[in-house]
Amino acid sequence: MDRATAPDTAVEVPWSVIPDYHCFGCSPHNPTGLRLAFTPHPDGLQARFRLGREFESYPGVVHGGLIGVICDEVMGNLIVLARNYPAFTVSQRTRFITPLLVDHEYRCIATLSDQAPDRPIQACAEILDGNGAVCATSTAAYQRFALDDVRHQLTLGDDEVALLSDALSAANTFSTNGVHS
C-alpha cells in the first residue's frame, strides 16, 4: 500500500538536491519512511497520505507517534519553503481527536503564524479525513538555524552543504497567506 500520495503538483523540497537524503518523513530514498510529498494549499502546505498496517498500534489504528511526525514534517517543510531557511523543532503539542485508521486516505495541512523575526517560528497543522473532518491538530515552535552553525550535528559533506545552501538561497516562488519568500 502506498504510504504517501505523490501528486503531479508536488513541491520539490530543498533536501532533494542531496541525491541520497534519507529523511524519514519525505525522502523517496528511505524504504522504511513515510515518503510524504507536499503540495501547495491556499493556507500553506499539505501532504496526503495513507498508512498501512506496518504503521499500526492497536489493530487497525495508526500509531499516534506517527501523527506527530507527519504534522512536524509538513510544518517544518512549510517553513523551509516559505522562508528559505531550515529550522529545528523546539516544542510540539499534538491533540488527537479521533484515531486514524490504517489504509484510509488523510491529508495534513500546515500553516504559519506571523511573528517577530527574533522569536521562534510558530506553525500549526491539522489532519483531516476523506470527509474533511479534523482528526488531529498540532502546534509547534521552530528555531531557525544556519547550516554552518550545526555542521557538527549533520552528516553532510562539504559538497552536500554547498548544494543545500544553494537550494535554500535560490529564488523561490512558493508563497502562502501573503508570505512570499
Side-chain angles (χ1 to χ4, degrees), residues 1-16 18-83 86-113 120-143 153-155 174 176-177:
M1 183 61 59
D2 288 335
R3 294 185 192 141
T5 304
D8 292 337
T9 59
V11 176
E12 190 170 297
V13 295
W15 325 113
S16 64
I18 301 170
D20 194 32
Y21 81 107
H22 268 72
C23 174
F24 177 74
C26 66
S27 175
H29 309 293
N30 187 338
T32 60
L34 299 173
R35 296 186 215 150
L36 295 173
F38 308 104
T39 58
H41 183 274
D43 297 325
L45 188 68
Q46 69 180 343
R48 296 182 184 275
F49 63 95
R50 174 188 298 261
L51 300 176
R53 291 201 62 203
E54 65 272 24
F55 297 106
E56 182 177 75
S57 64
Y58 292 112
V61 175
V62 174
H63 193 287
L66 292 171
I67 305 314
V69 168
I70 291 167
C71 289
D72 183 47
E73 189 71 16
V74 181
M75 290 184 288
N77 276 292
L78 174 57
I79 292 166
V80 170
L81 291 166
R83 304 280 169 82
F88 285 131
T89 311
V90 294
S91 68
Q92 182 178 0
R93 181 182 175 122
T94 302
R95 180 174 171 246
F96 304 96
I97 300 166
T98 62
L100 272 66
L101 305 176
V102 298
D103 293 325
H104 282 72
E105 184 84 18
Y106 295 94
R107 65 186 171 128
C108 179
I109 300 170
T111 59
L112 294 177
S113 302
I121 303 153
Q122 303 296 313
C124 59
E126 292 182 328
I127 293 184
L128 298 94
D129 67 14
N131 296 320
V134 177
C135 302
T137 63
S138 189
T139 57
Y142 295 83
Q143 186 61 54
Q153 296 169 316
L154 303 176
T155 56
F174 186 86
T176 176
N177 250 359

Between [X] and [Y], is there a donor-acceptor pair closer than 3.5 Å when you use the side chain of the first and the backbone of the second?
X    : Y    : result
H104 : V102 : yes
R50  : D103 : yes
H41  : T39  : no

Sequence neighbours excluded and cut-off under 3.5 Å, please list the side-chain donor-acceptor pairs for residues 75-82, or say none.
residue : atom : partner : partner atom : Å
N77     : OD1  : W15     : NE1          : 3.2
N77     : ND2  : E73     : O            : 3.1
N77     : ND2  : E73     : OE2          : 3.1

| query | Which heavy atom of Y21 sits nearest a heavy atom of P28, and at what distance? | reply |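 Of all heavy-atom pairs spanning Y21 and P28, the closest is OH-CD, 3.5 Å.
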| What's the shortest heavy-atom distance between H29 and H22, and which atoms? |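 Heavy-atom minimum between the residues: O-NE2, 3.2 Å.
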Interatomic distance, [X] atom [atom1] to [Y] atom [atom2] [nearest 0.5 angstrom]:
X    : Y    : atom1 : atom2 : answer
Q143 : I121 : CD    : CD1   : 7.0 Å
R107 : F49  : CZ    : CZ    : 11.0 Å
I127 : C108 : CD1   : SG    : 4.5 Å
L101 : L51  : CG    : CG    : 11.0 Å
F24  : N30  : CZ    : CG    : 7.0 Å
E126 : Q46  : CD    : CD    : 12.0 Å

| request: Apply side-chain hydrogen bond (donor to acceptor under 3.5 Å, both in side chains) to E12 and list each qualifying residue two or more places apart in sequence or on a separate chain. | output: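 Counting only residues at least two positions away or on another chain, E12 forms a side-chain hydrogen bond (donor to acceptor under 3.5 Å, both in side chains) with S16.
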| query | What do the steps show when you test I109 against L128 for side chain to side chain contact (heavy atoms under 4.5 Å, CB included), and what is the final call? | reply | CA-CA 8 Å; I109 300 170; L128 298 94; 3.8 Å; yes
| task | Please determine, by modelled atom types, if T111 and D43 share a side-chain donor-acceptor pair under 3.5 angstrom. | result |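 Not at all, the side chains of T111 and D43 share no donor-acceptor pair under 3.5 Å.
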| said: Between L36 and I70, is there a side-chain heavy-atom distance shorter than 4.5 Å? | reply: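 Yes, close enough: below the 4.5 Å cut-off.
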| query | Do Y142 and P86 have side chains that get closer than 4.5 Å, going by heavy atoms? | reply |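 Contact flag for Y142/P86 side chains = no.
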Pair up each side-chain donor or acceptor in residues 133-140 with any protein partner under 3.5 Å, not counting sequence neighbours, and list the distances.
residue : atom : partner : partner atom : Å
S138    : OG   : Q92     : NE2          : 2.9
S138    : OG   : R93     : O            : 3.3
S138    : OG   : T94     : OG1          : 3.0

| request: Sequence neighbours left out, what passes ring-ring contact (aromatic ring centres under 6.0 Å, His included) with F88? Give chain and number order. | output: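 F145.
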| said: N131: which residues meet the side chain to side chain contact (heavy atoms under 4.5 Å, CB included) condition with it, sequence neighbours left out? | reply: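 N131 satisfies side chain to side chain contact (heavy atoms under 4.5 Å, CB included) with D129 once adjacent residues are dropped.
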What pairs of donor and acceptor atoms, side-chain ones from residues 55-69 against any protein atom, are under 3.5 angstrom apart with sequence neighbours left out?
residue : atom : partner : partner atom : Å
E56     : OE1  : R53     : NE           : 3.4
E56     : OE1  : R53     : NH2          : 3.1
E56     : OE2  : R53     : NE           : 3.1
E56     : OE2  : G60     : N            : 2.6
H63     : ND1  : G65     : N            : 2.9

